[in-house]
**Q** 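Okay, handing you the structure first.
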Number of protein chains: 2
Amino acid sequence: MDADKVFKALGDPTRRRLLDLLCEQNGQTLGQLCDHLDMARQSATQHLDLLEAANLVSTVKRGREKLHFINPVPLHEVYERWVRKFERQRLSLLHDLKQELEGEDQ
Amino acid sequence: MDADKVFKALGDPTRRRLLDLLCEQNGQTLGQLCDHLDMARQSATQHLDLLEAANLVSTVKRGREKLHFINPVPLHEVYERWVRKFERQRLSLLHDLKQELEGEDQ
DNA sequence: TTGACATGCAGGTATTTACCTGCATATTAT
DNA sequence: ATAATATGCAGGTAAATACCTGCATGTCAA
(Lines give C-alpha, C1' and ligand atoms only; values in the text may rest on other atoms or scores of the structure.)
Protein backbone atom coordinates (compact mmCIF):
# COMPACT_ATOMS: atom_id res chain seq x y z
CA MET A 1 0.00 0.00 0.00
CA ASP A 2 1.23 3.47 -0.86
CA ALA A 3 0.10 5.25 2.30
CA ASP A 4 0.72 8.68 0.83
CA LYS A 5 -1.49 8.05 -2.19
CA VAL A 6 -4.25 6.72 0.03
CA PHE A 7 -4.14 9.66 2.44
CA LYS A 8 -3.89 12.19 -0.39
CA ALA A 9 -6.82 10.54 -2.12
CA LEU A 10 -8.90 10.74 1.06
CA GLY A 11 -7.90 14.38 1.51
CA ASP A 12 -10.41 15.69 -1.00
CA PRO A 13 -14.15 16.00 -0.29
CA THR A 14 -15.17 15.11 -3.84
CA ARG A 15 -13.23 11.86 -3.66
CA ARG A 16 -14.69 10.99 -0.26
CA ARG A 17 -18.11 11.67 -1.76
CA LEU A 18 -17.32 9.29 -4.62
CA LEU A 19 -16.41 6.57 -2.14
CA ASP A 20 -19.65 7.28 -0.28
CA LEU A 21 -21.63 6.96 -3.49
CA LEU A 22 -19.94 3.65 -4.28
CA CYS A 23 -20.63 2.49 -0.76
CA GLU A 24 -24.33 3.13 -1.31
CA GLN A 25 -24.30 1.34 -4.62
CA ASN A 26 -21.22 -0.50 -5.77
CA GLY A 27 -20.32 -0.89 -9.43
CA GLN A 28 -21.63 2.42 -10.77
CA THR A 29 -20.61 3.84 -14.13
CA LEU A 30 -18.79 7.14 -14.58
CA GLY A 31 -22.01 8.71 -15.82
CA GLN A 32 -24.00 7.58 -12.81
CA LEU A 33 -21.40 8.96 -10.44
CA CYS A 34 -21.26 12.27 -12.32
CA ASP A 35 -25.01 12.74 -11.87
CA HIS A 36 -24.36 13.26 -8.17
CA LEU A 37 -21.47 15.68 -8.61
CA ASP A 38 -21.59 19.32 -9.60
CA MET A 39 -18.65 19.31 -11.97
CA ALA A 40 -17.63 18.33 -15.49
CA ARG A 41 -17.35 14.63 -16.26
CA GLN A 42 -13.65 15.07 -17.03
CA SER A 43 -13.02 16.44 -13.56
CA ALA A 44 -14.72 13.48 -11.95
CA THR A 45 -12.58 11.19 -14.10
CA GLN A 46 -9.45 12.77 -12.68
CA HIS A 47 -10.69 12.18 -9.14
CA LEU A 48 -11.54 8.58 -9.94
CA ASP A 49 -8.09 8.10 -11.50
CA LEU A 50 -6.52 9.19 -8.22
CA LEU A 51 -8.75 6.82 -6.26
CA GLU A 52 -7.75 4.02 -8.62
CA ALA A 53 -4.04 4.90 -8.31
CA ALA A 54 -4.46 4.67 -4.54
CA ASN A 55 -6.09 1.29 -5.06
CA LEU A 56 -9.24 2.50 -3.33
CA VAL A 57 -11.30 1.87 -6.45
CA SER A 58 -11.11 -0.87 -9.07
CA THR A 59 -12.70 -0.60 -12.48
CA VAL A 60 -14.11 -2.99 -15.01
CA LYS A 61 -14.96 -2.07 -18.58
CA ARG A 62 -18.26 -3.39 -19.83
CA GLY A 63 -18.89 -2.38 -23.40
CA ARG A 64 -18.74 1.37 -23.64
CA GLU A 65 -19.27 1.70 -19.90
CA LYS A 66 -16.76 1.71 -17.06
CA LEU A 67 -17.90 0.25 -13.76
CA HIS A 68 -16.36 1.41 -10.50
CA PHE A 69 -15.96 -0.75 -7.40
CA ILE A 70 -14.76 0.17 -3.95
CA ASN A 71 -11.74 -1.66 -2.62
CA PRO A 72 -11.89 -1.50 1.17
CA VAL A 73 -8.48 -3.10 1.74
CA PRO A 74 -6.36 0.09 1.78
CA LEU A 75 -8.81 1.70 4.19
CA HIS A 76 -8.41 -1.28 6.46
CA GLU A 77 -4.64 -1.00 6.23
CA VAL A 78 -4.80 2.71 7.01
CA TYR A 79 -6.69 1.78 10.12
CA GLU A 80 -4.36 -1.03 11.08
CA ARG A 81 -1.12 0.83 10.51
CA TRP A 82 -2.27 4.26 11.49
CA VAL A 83 -5.33 4.69 13.59
CA ARG A 84 -4.83 1.73 15.90
CA LYS A 85 -1.36 2.87 16.84
CA PHE A 86 -2.83 6.07 18.26
CA GLU A 87 -5.90 4.29 19.50
CA ARG A 88 -3.79 2.04 21.68
CA GLN A 89 -2.20 5.03 23.36
CA ARG A 90 -5.39 7.03 23.48
CA LEU A 91 -6.03 6.86 27.18
CA SER A 92 -2.40 7.20 28.17
CA LEU A 93 -1.97 10.23 25.89
CA LEU A 94 -4.95 11.96 27.43
CA HIS A 95 -3.42 11.15 30.78
CA ASP A 96 -0.16 12.85 29.72
CA LEU A 97 -2.02 15.99 28.73
CA LYS A 98 -4.08 16.02 31.90
CA GLN A 99 -0.95 15.70 34.02
CA GLU A 100 0.74 18.49 32.10
CA LEU A 101 -2.21 20.82 32.55
CA GLU A 102 -2.47 19.99 36.26
CA GLY A 103 1.25 20.56 36.62
CA GLU A 104 0.82 24.06 35.17
CA ASP A 105 -1.78 24.99 37.74
CA GLN A 106 0.41 24.12 40.69
CA MET B 1 -15.19 17.30 14.11
CA ASP B 2 -14.40 18.98 10.81
CA ALA B 3 -13.77 15.86 8.73
CA ASP B 4 -12.30 17.83 5.87
CA LYS B 5 -9.67 19.50 8.03
CA VAL B 6 -8.74 16.16 9.58
CA PHE B 7 -8.37 14.38 6.24
CA LYS B 8 -6.50 17.31 4.68
CA ALA B 9 -4.19 17.39 7.68
CA LEU B 10 -3.47 13.68 7.33
CA GLY B 11 -2.88 14.10 3.60
CA ASP B 12 0.66 15.40 4.01
CA PRO B 13 3.65 13.18 4.84
CA THR B 14 5.34 15.82 7.00
CA ARG B 15 2.25 16.14 9.17
CA ARG B 16 1.93 12.38 9.52
CA ARG B 17 5.58 12.32 10.55
CA LEU B 18 4.85 14.96 13.19
CA LEU B 19 2.05 12.84 14.59
CA ASP B 20 4.41 9.87 14.59
CA LEU B 21 7.03 11.86 16.48
CA LEU B 22 4.44 12.91 19.05
CA CYS B 23 3.32 9.33 19.34
CA GLU B 24 6.86 8.29 20.22
CA GLN B 25 7.20 11.08 22.75
CA ASN B 26 4.24 13.23 23.62
CA GLY B 27 4.58 16.85 24.70
CA GLN B 28 7.57 17.86 22.56
CA THR B 29 8.50 21.47 21.87
CA LEU B 30 8.56 23.02 18.42
CA GLY B 31 12.36 22.93 18.49
CA GLN B 32 12.49 19.25 19.37
CA LEU B 33 10.10 18.39 16.56
CA CYS B 34 12.09 20.49 14.07
CA ASP B 35 15.25 18.55 14.86
CA HIS B 36 13.66 15.57 13.14
CA LEU B 37 12.47 17.45 10.06
CA ASP B 38 14.50 18.68 7.12
CA MET B 39 12.89 22.09 6.77
CA ALA B 40 12.82 25.55 8.28
CA ARG B 41 11.24 25.96 11.69
CA GLN B 42 8.63 28.29 10.22
CA SER B 43 7.50 25.61 7.80
CA ALA B 44 7.07 23.10 10.59
CA THR B 45 5.03 25.69 12.48
CA GLN B 46 2.63 25.95 9.57
CA HIS B 47 2.17 22.19 9.55
CA LEU B 48 1.59 22.14 13.29
CA ASP B 49 -0.94 24.96 12.93
CA LEU B 50 -2.92 22.83 10.49
CA LEU B 51 -2.77 19.86 12.84
CA GLU B 52 -3.99 22.09 15.64
CA ALA B 53 -6.80 23.51 13.47
CA ALA B 54 -7.86 19.93 12.77
CA ASN B 55 -7.79 19.34 16.52
CA LEU B 56 -5.26 16.55 16.07
CA VAL B 57 -2.73 18.37 18.22
CA SER B 58 -3.18 20.48 21.34
CA THR B 59 -0.57 22.89 22.62
CA VAL B 60 0.41 24.28 25.99
CA LYS B 61 2.75 27.22 26.44
CA ARG B 62 5.35 26.78 29.13
CA GLY B 63 7.51 29.85 29.43
CA ARG B 64 9.08 30.53 26.07
CA GLU B 65 8.41 26.98 24.96
CA LYS B 66 5.35 25.52 23.27
CA LEU B 67 4.55 21.91 24.04
CA HIS B 68 2.65 19.76 21.55
CA PHE B 69 0.32 16.92 22.46
CA ILE B 70 -1.48 14.46 20.24
CA ASN B 71 -5.23 14.37 20.44
CA PRO B 72 -6.34 10.92 19.27
CA VAL B 73 -10.06 11.70 19.34
CA PRO B 74 -10.44 12.94 15.74
CA LEU B 75 -8.54 9.91 14.49
CA HIS B 76 -10.94 7.71 16.36
CA GLU B 77 -13.89 9.57 14.85
CA VAL B 78 -12.40 9.24 11.38
CA TYR B 79 -12.28 5.54 11.98
CA GLU B 80 -15.79 5.34 13.41
CA ARG B 81 -17.51 7.44 10.76
CA TRP B 82 -15.40 6.45 7.83
CA VAL B 83 -13.40 3.32 7.93
CA ARG B 84 -15.87 1.15 9.79
CA LYS B 85 -18.62 1.90 7.29
CA PHE B 86 -16.53 0.34 4.56
CA GLU B 87 -15.14 -2.26 6.88
CA ARG B 88 -18.62 -3.58 7.61
CA GLN B 89 -19.27 -4.07 3.91
CA ARG B 90 -15.80 -5.30 3.16
CA LEU B 91 -16.59 -8.85 2.26
CA SER B 92 -19.76 -8.04 0.39
CA LEU B 93 -17.99 -5.34 -1.62
CA LEU B 94 -15.28 -7.75 -2.63
CA HIS B 95 -18.02 -10.21 -3.48
CA ASP B 96 -19.62 -7.64 -5.81
CA LEU B 97 -16.35 -7.17 -7.65
CA LYS B 98 -15.67 -10.90 -7.88
CA GLN B 99 -19.12 -11.50 -9.33
CA GLU B 100 -18.64 -8.73 -11.85
CA LEU B 101 -15.30 -10.12 -12.99
CA GLU B 102 -16.70 -13.61 -13.26
CA GLY B 103 -19.66 -12.28 -15.18
CA GLU B 104 -17.29 -10.82 -17.74
CA ASP B 105 -15.65 -14.14 -18.36
CA GLN B 106 -18.88 -15.95 -19.09
C1' DT C 1 -24.57 2.21 -41.60
C1' DT C 2 -25.30 6.10 -39.03
C1' DG C 3 -26.56 8.73 -35.13
C1' DA C 4 -26.59 8.77 -30.19
C1' DC C 5 -24.13 7.74 -26.22
C1' DA C 6 -20.17 6.74 -22.81
C1' DT C 7 -15.75 7.51 -22.12
C1' DG C 8 -10.65 8.95 -23.25
C1' DC C 9 -7.17 12.39 -24.10
C1' DA C 10 -4.82 16.96 -24.39
C1' DG C 11 -4.03 21.12 -23.07
C1' DG C 12 -5.11 25.74 -20.32
C1' DT C 13 -6.03 28.50 -15.89
C1' DA C 14 -6.87 30.03 -11.24
C1' DT C 15 -6.32 28.62 -6.62
C1' DT C 16 -4.07 26.28 -2.99
C1' DT C 17 -0.12 24.69 -0.83
C1' DA C 18 4.48 23.89 0.91
C1' DC C 19 8.26 25.83 1.18
C1' DC C 20 11.43 29.91 2.01
C1' DT C 21 13.71 34.58 4.07
C1' DG C 22 13.72 38.46 7.16
C1' DC C 23 12.44 40.60 11.13
C1' DA C 24 9.82 41.09 15.73
C1' DT C 25 8.67 39.56 20.34
C1' DA C 26 9.00 37.19 24.57
C1' DT C 27 11.52 34.44 27.99
C1' DT C 28 15.47 32.59 30.35
C1' DA C 29 20.32 32.63 32.07
C1' DT C 30 24.68 34.92 33.03
C1' DA D 1 20.89 44.52 32.01
C1' DT D 2 22.18 41.91 28.18
C1' DA D 3 22.90 37.98 25.43
C1' DA D 4 21.16 33.71 24.04
C1' DT D 5 17.13 31.07 23.13
C1' DA D 6 12.31 29.84 21.61
C1' DT D 7 8.77 31.16 19.13
C1' DG D 8 5.56 34.50 16.34
C1' DC D 9 4.48 37.12 12.27
C1' DA D 10 4.62 38.91 7.42
C1' DG D 11 5.31 38.51 3.10
C1' DG D 12 7.19 36.08 -1.40
C1' DT D 13 7.71 31.98 -4.81
C1' DA D 14 7.47 27.63 -7.22
C1' DA D 15 4.96 23.52 -7.58
C1' DA D 16 0.78 20.94 -7.06
C1' DT D 17 -4.07 20.75 -7.60
C1' DA D 18 -8.82 21.13 -9.05
C1' DC D 19 -11.23 22.78 -12.13
C1' DC D 20 -12.41 23.80 -17.14
C1' DT D 21 -13.03 23.46 -22.71
C1' DG D 22 -12.46 21.13 -27.05
C1' DC D 23 -11.91 17.24 -29.64
C1' DA D 24 -11.12 12.07 -30.47
C1' DT D 25 -12.38 7.26 -29.92
C1' DG D 26 -15.07 3.37 -29.18
C1' DT D 27 -19.78 1.04 -28.61
C1' DC D 28 -24.63 0.29 -29.11
C1' DA D 29 -29.19 0.70 -31.33
C1' DA D 30 -32.34 1.91 -35.02
Side-chain angles (χ1 to χ4, degrees), chain A residues 2-22 25-54 56-69 100 103-105, chain B residues 2-22 25-54 56-69 100-101 103-106:
Chain A
D2 185 331
D4 197 50
K5 282 186 181 175
V6 173
F7 278 109
K8 281 241 166 67
L10 293 174
D12 181 88
T14 300
R15 290 192 287 271
R16 290 197 302 278
R17 178 109 173 78
L18 283 166
L19 290 179
D20 260 336
L21 289 169
L22 288 178
Q25 187 192 332
N26 211 15
Q28 293 187 67
T29 67
L30 173 58
Q32 285 177 297
L33 293 169
C34 283
D35 288 342
H36 299 279
L37 299 181
D38 190 28
M39 62 177 57
R41 171 184 53 83
Q42 292 89 335
S43 307
T45 299
Q46 290 179 328
H47 285 296
L48 287 165
D49 286 346
L50 286 184
L51 288 171
E52 203 172 349
L56 283 161
V57 161
S58 300
T59 60
V60 177
K61 293 208 76 174
R62 183 170 65 188
R64 60 182 163 181
E65 293 176 321
K66 188 175 186 180
L67 308 182
H68 297 78
F69 294 86
E100 186 64 34
E104 285 304 293
D105 291 331
Chain B
D2 184 332
D4 195 51
K5 282 186 182 174
V6 174
F7 278 108
K8 282 241 167 68
L10 293 174
D12 181 89
T14 300
R15 291 191 287 271
R16 291 197 302 279
R17 178 107 173 80
L18 283 166
L19 290 180
D20 261 335
L21 288 169
L22 288 179
Q25 186 191 334
N26 211 15
Q28 294 187 67
T29 67
L30 173 58
Q32 284 178 299
L33 293 169
C34 283
D35 287 343
H36 297 279
L37 300 180
D38 191 28
M39 62 177 57
R41 171 184 54 83
Q42 292 89 334
S43 306
T45 298
Q46 292 179 328
H47 286 297
L48 287 165
D49 285 346
L50 286 184
L51 288 171
E52 203 173 348
L56 284 161
V57 161
S58 301
T59 60
V60 177
K61 293 209 74 173
R62 184 171 65 187
R64 61 182 164 182
E65 293 177 320
K66 190 175 184 179
L67 307 182
H68 298 78
F69 293 86
E100 186 61 35
L101 291 169
E104 284 305 291
D105 292 333
Q106 283 161 13

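Here the structure is a predicted model, which means the values were calculated and not measured. The analysis underlying the following values was restricted to heavy atoms, covering all of them including side chains, and did not include hydrogens, waters or symmetry mates. Letters A, B, ... mirror the listed sequences (proteins, then strands); counts begin at 1.
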**Q** Is there a side-chain contact between B:H47 and the phosphate of C:dC19, meaning an N or O under 4.0 Å from OP1 or OP2?
**A**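 So the side chain of B:H47 is within the cut-off, an N or O lying under 4.0 Å from OP1 or OP2 of C:dC19.
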**Q** In whole angstrom, what separates A:D4's CG from C:dT17's C1'?
**A**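 Atom CG in A:D4 sits about 14 Å away from atom C1' in C:dT17.
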**Q** For DNA chain C, find the residues of residues 10-20 of chain A with a heavy-atom distance under 4.0 Å and give them by number; none if there aren't any.
**A**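 Result for residues 10-20 of chain A: none.
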**Q** Taking atom CG as the centre, does A:D38 end up with more than 12 heavy-atom neighbours from other residues, nucleotides or ligands that are less than 6.0 angstrom away?
**A**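 Result for CG/A:D38: open.
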**Q** Do B:L18 and B:L51 have side chains that approach each other closer than 4.5 Å (heavy atoms only, starting at C-beta)?
**A**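 Result yes, sub-4.5 Å side-chain heavy-atom pair found.
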**Q** How many Å lie between CG on B:L50 and P on C:dT17, as a whole number?
**A**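 In whole Å, C:dT17 P and B:L50 CG are 8 Å from each other.
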**Q** Taking C-beta and beyond as the side chain, do B:R17 and B:L37 meet within less than 4.5 Å on heavy atoms?
**A**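 In short, these two side chains touch, coming nearer than 4.5 Å.
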**Q** Could you tell me whether the side chain of A:R15 and the main chain of A:K8 form a donor-acceptor pair under 3.5 Å?
**A**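 Yes, the answer is positive, given that a donor and an acceptor are paired below the 3.5 Å cut-off.
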**Q** With heavy-atom distances below 4.5 Å as the criterion, would you say the side chains of A:Q25 and A:L21 are in contact?
**A**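 Heavy-atom side-chain distance check fails, nothing below 4.5 Å.
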**Q** Taking the nucleotide of DNA chain D with the nearest heavy atom to each, does B:H68 or A:K8 sit closer to the 5' end?
**A**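 It is B:H68 whose nearest nucleotide is closer to the 5' end.
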**Q** Do any side-chain nitrogens or oxygens of B:S43 fall under 4.0 Å of OP1 or OP2 in C:dC20?
**A**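 Looking at the OP1 and OP2 atoms of C:dC20, one of them is under 4.0 Å from a side-chain N or O of B:S43.
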**Q** Can you tell me the distance, in whole Å, between the NZ atom of A:K61 and the P atom of D:dT25?
**A**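 Whole-Å distance recorded here is 14 Å.
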**Q** A:D4 vs B:R16, test: side chain to side chain contact (heavy atoms under 4.5 Å, CB included). Steps then yes/no.
**A** CA-CA 10 Å; A:D4 197 50; B:R16 291 197 302 279; 2.8 Å; yes
**Q** Anything under 3.5 Å between a protein N or O and an N or O of nucleotides 3-6 of chain D, put it in a table, one pair a line.
**A**
| from | atom 1 | to | atom 2 | distance (Å) |
| --- | --- | --- | --- | --- |
| D:dT5 | O2 | B:R64 | NH1 | 3.0 |

**Q** Using whole Å, what does the distance between atom P of nucleotide D:dT17 and atom CZ of A:F7 come to?
**A**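 These atoms are roughly 16 Å apart.
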**Q** Do B:V57 and B:L19 make a side-chain contact, defined as non-hydrogen atoms from C-beta onward lying under 4.5 Å apart?
**A**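 Side chain of B:V57 against side chain of B:L19, heavy atoms only: contact under 4.5 Å found.
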**Q** So, does the side chain of A:Q46 form a donor-acceptor pair with the base of D:dC19 at under 3.5 Å?
**A**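 Present.
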**Q** Measure the distance from CG on A:D49 to P on C:dT7 and round it to the nearest whole Å.
**A**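 Whole-Å distance recorded here is 13 Å.
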**Q** Do the side chain of B:Q42 and the base of D:dG11 come within less than 3.5 angstrom through a donor-acceptor pair of N or O atoms?
**A**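 Such a pair does not exist between side chain and base.
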**Q** Do B:L30 and B:R41 touch side chain to side chain, with heavy atoms closer than 4.5 Å?
**A**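 Sidechains of B:R41 and B:L30: in contact.
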